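Read the structure below first, then the notes.
Hydrogens, waters and symmetry mates play no part in the numbers below; they use all other heavy atoms, side chains included. Values in this document were obtained by computation on a predicted structure and should not be read as measured data. A, B, ... follow the sequence lines: proteins, then strands. Residue 1 opens every chain.
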Amino acid sequence: MTNDIHLLTGAYVLDSLDDADRDVFTQHLDECEGCAGEVAELRETVVRLADDSWAVPPPRLRQNVMDQIRTTRQLPPLHPMPPEPMRPMESPPSHARPSRAAGWARRSAYGLAAAILAVVAGGGAYLIQQQRVDQAIADRNVALAQAAKMDAVITAPDATLRKGTVTSGGQVVVVSSASRNAAVVMLAGASDPGPQKAYEFWMIEKSNARPAGLLAAGQNSGKVLVEGLGTTDTLGMTLEKAEGASTPTEPILAAIPIT
Amino acid sequence: MTEQNARAQRRAGRLTGVPHATGTTDDAATLLRAVARGDEAAFARLYELVAPRVYGLAKRVVRDPAQAEEVAQEALVEVWRTATRFDPAKGSATAWIFTIAHRRAVDRVRSEQAAHDRVQRLAPEATQTPHDEVVEEATAHLERQQVRRCLRTLTDLQREAITLAYYSGYTYREVAQLLDTALPTVKTRMRDGLIRLRDCLGVEVAR
């Protein structure tokens, strides 16, 4: 690892180094001027990934944060001489070394053991992580495949977003793409269907309706990938029994024209 | 909108015309300097500017909305507490803020308790996440196509390595396992992937 340690700039700005590697790298960073420039530049790049993660925070967050800052003393300005590493609680969240205070405080014996092992045995630490990684792989593959298909629809050049209201409350958003022959249907804020009922979506063409996806029973929001749109002209939504139905049960709670 | 925005658009070619991080850099830096002097009103304005992305990023990484809210609160209070340590010579204010936020989120998912919940966290977001803000998110997705468009210019390995690390909070050793790829390859792909992303986005370091 030491022979090409500067190649870790990418993993470093992605916060993807474990503690032992990060310590080695930050030490290297102090001695490598070119690295600092590259880190700064890649850091600006990585921040743009946050652009894609915009979400409306709960309204109470603002009040909680404002309340807490009123009782939180600010650190004094930093003197030219870096205070680390003797005062970890005051280590600045600078670009070179984001604050680790909370992380360290929370870090478990397991985490410390892993870090020590990593120092002693190089790559050996990840063996400890093996089990959860194995567990994660199967779920991840399913999730990624589904998410990738949704992404492909949402980012298609001809993606079109349409909204409709649900008569029983809530909103449906349909992002459809003729070129992908697919749509992503999103339900938000619908009324609670109850544990034995589920919301189901339909591809409607004239008077025919084909099943287009089913939310889990009791779920009042969620996303469904609809493939094989064909000449569907309307996306519909009904309330069905938990396992879904082959034909829609009246009433149609929402109907969004997509052509 | 600002000249800077227009410049960012020229740099990156065809864009959606939606303001993004580069359009708010100056504002965030100005506000952050005021925050460093203890200006609570400036902090409130900074909150409006960055909270949706701080919260969204936390939610994307930790998945659980309640934990994401905690992480976002911790990160934003940390911004207040350490604003005096922000050094504009080292990078933009937004980079500084989102570095804190991402670090907090990653710390959270790597804690032992979070490891316990990790499999649940990986369950398909697409079908199970109880979103309250699906509409806003869908709109945001469409508005922020530039990042996605640029991500698509990467190789599969570059893109997966970067998104697994950044959005899922994995260490690069874990990423190597997940992608069944040698460790040196993963770290190289993270780096050259980010460099390609930088070129596509037209990122400049604010100095």
- Query: Do B:V35 and A:Q74 have side-chain heavy atoms sitting under 4.5 Å apart?
  - Reply: yes

- Message: Any salt bridge linking B:E69 with A:R60? Criterion: basic side-chain nitrogen under 4.0 Å from a carboxylate oxygen.
- Response: yes

- Straight-line distance of B:K187 NZ to A:L8 CG, nearest 0.5 Å: 5.0 Å

- Interface moiety of B:A68 toward chain A, non-hydrogen atoms closer than 4.5 Å: neither

- Of the listed residues (B:A83, B:A161, B:G38, B:A101), which shares the most heavy-atom pairs with chain A below a 4.5 Å separation? B:G38

- Quick one: of B:V54, B:T163, B:V77, who has the most non-hydrogen atom pairs under 4.5 Å with chain A? B:V77

- Contact leader toward chain A among B:A58, B:A72, B:A36, where contacts are heavy-atom pairs under 4.5 Å: B:A36

- Message: I want to check something: taking the side chain as every heavy atom from C-beta on, are A:L17 and B:T171 in contact at a cut-off of under 4.5 Å?
- Response: no

- Query: Closest approach of A:I69 and B:F43, non-hydrogen atoms and distance?
  - Reply: CD1-CD2, 3.6 Å

- Message: Just so I know, are the side chains of A:R43 and B:K90 near enough to count as touching, which here means a heavy-atom distance under 4.5 Å?
- Response: no

- chain A contact via B:I195 - side chain, backbone, both or neither, heavy atoms under 4.5 Å: both

- Please flag which part of A:R73 lies under 4.5 Å from any non-hydrogen atom of chain B: side chain, backbone, both or neither. backbone

- Looking at B:A51, B:P184, B:A176, B:A44, which one has more heavy-atom pairs under 4.5 Å with chain A than the rest? B:A44

- Does B:R198 reach the side chain of A:E44, with side-chain heavy atoms less than 4.5 Å apart? no

- Check the pair B:V147 / A:L49 against side chain to side chain contact (heavy atoms under 4.5 Å, CB included), numbers first and verdict last. CA-CA 7 Å; B:V147 172; A:L49 293 171; 4.1 Å; yes

- Query: So how far is it from A:L14 CG to B:Y167 OH, rounded to the nearest 0.5 Å?
  - Reply: 10.5 Å

- Would A:D21 and B:Y172 count as having a side-chain donor-acceptor pair, cut-off 3.5 Å? yes

- Message: With a sphere of 6.0 Å drawn around CG of B:D180, does it hold more than 12 non-hydrogen atoms of other residues, nucleotides or ligands?
- Response: no

- Item | Test item: B:Y166 and A:S16 side chains (from C-beta on) under 4.5 Å apart, heavy atoms | no

- Message: Are the side chains of A:R48 and B:C200 in contact, using a 4.5 Å heavy-atom criterion?
- Response: no

- Query: Going from CG on A:N64 to CD on B:Q73, what distance comes out if it is rounded to the nearest 0.5 angstrom?
  - Reply: 4.5 Å

- Task: With a 4.5 Å cut-off on heavy-atom pairs, point out which of B:M190, B:E70, B:R189 contacts chain A the most.
- Result: B:M190

- Note on the structure: Separation between CG (B:L76) and CE (A:M66), nearest 0.5 Å, reads 10.5 Å

- Please answer whether the main-chain N or O of A:R62 pairs with a side-chain N or O of B:Y47 as donor and acceptor at a distance below 3.5 Å. yes

- Quick one: of B:L57, B:V186, B:I97, who has the most non-hydrogen atom pairs under 4.5 Å with chain A? B:L57

- Message: For the CZ atom of B:F98 and the OG atom of A:S53, what is their distance to the nearest 0.5 Å?
- Response: 9.5 Å

- Message: Using 0.5 Å steps for rounding, measure from the NZ atom of B:K59 to the CH2 atom of A:W54.
- Response: 10.5 Å

- Under 4.5 Å heavy-atom distance to chain B, tell me which part of A:V184 shows up: side chain, backbone, both or neither. neither

- Note on the structure: Between A:A55 and B:G56, the two heavy atoms sitting closest are CB-CA, 3.7 Å

- Query: Which heavy atom of B:V106 sits nearest a heavy atom of A:D15, and at what distance?
  - Reply: CG1-O, 3.9 Å

